[in-house]
Amino acid sequence: MKQAETETRLSAGSPPALPHVDITLNVNGSSHSLQVDARVTLLDALRDHLGLTGAKKGCDQGACGACTVMVDGKRVVSCLALAAQYEGREITTVEGLSTDGELHPMQEAFAKHDAFQCGYCTPGQIMSAVCLVQEGRADTEEDIREYMSGNLCRCGAYPNIRAAIRELTSER
């Protein structure tokens, strides 16, 4: 848009056109072509554009972990990540953990150990726990506590969350 057109639109009270990008996100084994505002976060792309509401918008500042998803096998706080940065990478949300209707072992362990109360943080806790186990960093109670410290639970289900993680690490 030319500067004169921009000034005219601004003076007329119209907001300037937002920059859009065409991206393809590989989420839970499926490819999704999207046109999004260049500033949209991965969290908002997942929730608002793809209808995957498992990842939660908690603090929207990267401090609570409720929005944790897995990208290429690593934990990502999706509220701080721009969606366009993750084009072509393998994104897994809590909805993508189950296979053929069967819960992921971590999901089963969370249910077995009652590792949730209100459930708001549970998807982020599960995603972080799955990555923690895959990373091989859940060897001790202290390790689990440290590496899960970025995921907050206001209900205080931490002992049960750690028990669920320990169950899966003791099977290795």
Exercise. Can you name the closest pair of heavy atoms from D44 and T41 and give their distance?
Worked result: N-OG1, 3.0 Å
Exercise. Is there side-chain contact between T140 and I144, with at least one heavy-atom pair below 4.5 Å?
Worked result: no
For this session: Establish whether L168 and F110 are linked, either directly or via other cluster members, by ILVMFWY side-chain heavy-atom contacts under 4.5 Å.
Result: yes
For this session: Indicate yes or no for a side-chain donor-acceptor contact from E167 to the backbone of A164 under 3.5 Å, with no hydrogens or angles considered.
Result: no
Exercise. What distance separates I23 CD1 from H49 NE2, expressed to the nearest 0.5 Å?
Worked result: 8.0 Å
For this session: With the side chain counted from C-beta on, respond yes when V133 and Y147 share a heavy-atom pair under 4.5 Å apart, and no when they do not.
Result: no
Exercise. Do Y86 and L46 share a hydrophobic cluster (ILVMFWY, side-chain heavy atoms under 4.5 Å, transitive)?
Worked result: yes
Problem set entry | Lys/Arg N to Asp/Glu carboxylate O, K112 vs E108, below 4.0 Å | no
Exercise. Stepwise, does the side-chain contact (heavy atoms from CB on, under 4.5 Å) test hold for L52 with R47?
Worked result: CA-CA 5 Å; L52 297 170; R47 292 181 60 80; over 6 Å; no
Exercise. For the side chain of E95 and the backbone of T53, is there at least one donor-acceptor N/O pair under 3.5 Å apart?
Worked result: yes
Exercise. Short question: side chain of H113, backbone of A115 - any donor-acceptor pair under 3.5 Å?
Worked result: no
Problem set entry | Nearest non-hydrogen partners of P159 and G156, listed with the distance | CD-O, 3.7 Å
For this session: Check whether Y120 and F116 end up in the same hydrophobic cluster, where Ile, Leu, Val, Met, Phe, Trp and Tyr are linked by side-chain heavy atoms less than 4.5 Å apart.
Result: no
Exercise. Which residue, V27, V76, V71, forms the side-chain contact (heavy atoms from CB on, under 4.5 Å) with R89?
Worked result: V71
Problem set entry | Sub-4.5 Å side-chain heavy-atom contact between R154 and C118 | no
Problem set entry | From C121 atom SG to Y158 atom OH, the distance as rounded to the nearest 0.5 Å | 7.0 Å
Exercise. Just wondering, do E146 and R137 contact through their side chains at under 4.5 Å, heavy atoms?
Worked result: no
For this session: Check whether any side-chain heavy atom of I165 lies under 4.5 Å from a side-chain heavy atom of M148, and answer yes or no.
Result: yes
Exercise. If we only count heavy atoms from C-beta on, is the M70 to V130 side-chain gap below 4.5 Å?
Worked result: yes
For this session: May I ask you to decide if T24's main-chain N or O and E87's side chain share a donor-acceptor pair within less than 3.5 Å?
Result: yes
Exercise. Strictly by modelled atom types, are S128 and R75 linked by a side-chain donor-acceptor pair under 3.5 Å?
Worked result: yes
Exercise. What distance separates L132 CG from D139 CG, expressed to the nearest 0.5 Å?
Worked result: 9.0 Å
Problem set entry | Check: T99 main-chain N/O paired with E102 side-chain donor or acceptor under 3.5 Å | no
Exercise. Taking NZ, NE, NH1 and NH2 as the nitrogens, is one of them in D37 or R39 under 4.0 Å from a carboxylate oxygen of the other?
Worked result: yes
For this session: Please answer whether the main-chain N or O of E90 pairs with a side-chain N or O of N26 as donor and acceptor at a distance below 3.5 Å.
Result: no
For this session: For residues V94 and Q107, report the shortest heavy-atom separation together with the two atoms involved.
Result: O-NE2, 3.6 Å
Exercise. Is there a donor-acceptor pair under 3.5 Å between the side chain of N160 and the backbone N or O of D114?
Worked result: yes
For this session: Over all heavy atoms of both residues, which pair between V21 and A84 is shortest? Give the atoms and the distance, please.
Result: CG2-CB, 4.3 Å
Problem set entry | Side-chain donor-acceptor pair present, T93, N28, cut-off under 3.5 Å | yes
Exercise. Does G65 offer a backbone N or O that forms a donor-acceptor pair with the side chain of N151 under 3.5 Å?
Worked result: yes
For this session: Tell me whether L50 is reachable from L43 by hopping between hydrophobic residues (I, L, V, M, F, W, Y) whose side-chain heavy atoms are closer than 4.5 Å.
Result: no
For this session: Give a yes or no on whether the backbone of T68 and the side-chain of S78 come within a donor-acceptor separation of less than 3.5 Å.
Result: no
Problem set entry | Minimum heavy-atom distance between C153 and A157, given as atom pair plus value | SG-N, 3.3 Å
For this session: Indicate the atoms forming the closest heavy-atom contact of A55 with V69, along with that distance.
Result: CB-CG1, 4.0 Å
Problem set entry | D60, V77, L80 screened by side-chain contact (heavy atoms from CB on, under 4.5 Å) with C67, the one that passes | V77
For this session: To the nearest 0.5 angstrom, please state how far the CE atom of M106 sits from the CD1 atom of I161.
Result: 10.5 Å
Exercise. Should L42 and L82 count as side-chain neighbours, where that means a heavy-atom distance under 4.5 Å?
Worked result: no
Exercise. Would you say the side-chain atoms of S98 pair up with the backbone N or O of G101, donor to acceptor, closer than 3.5 Å?
Worked result: no
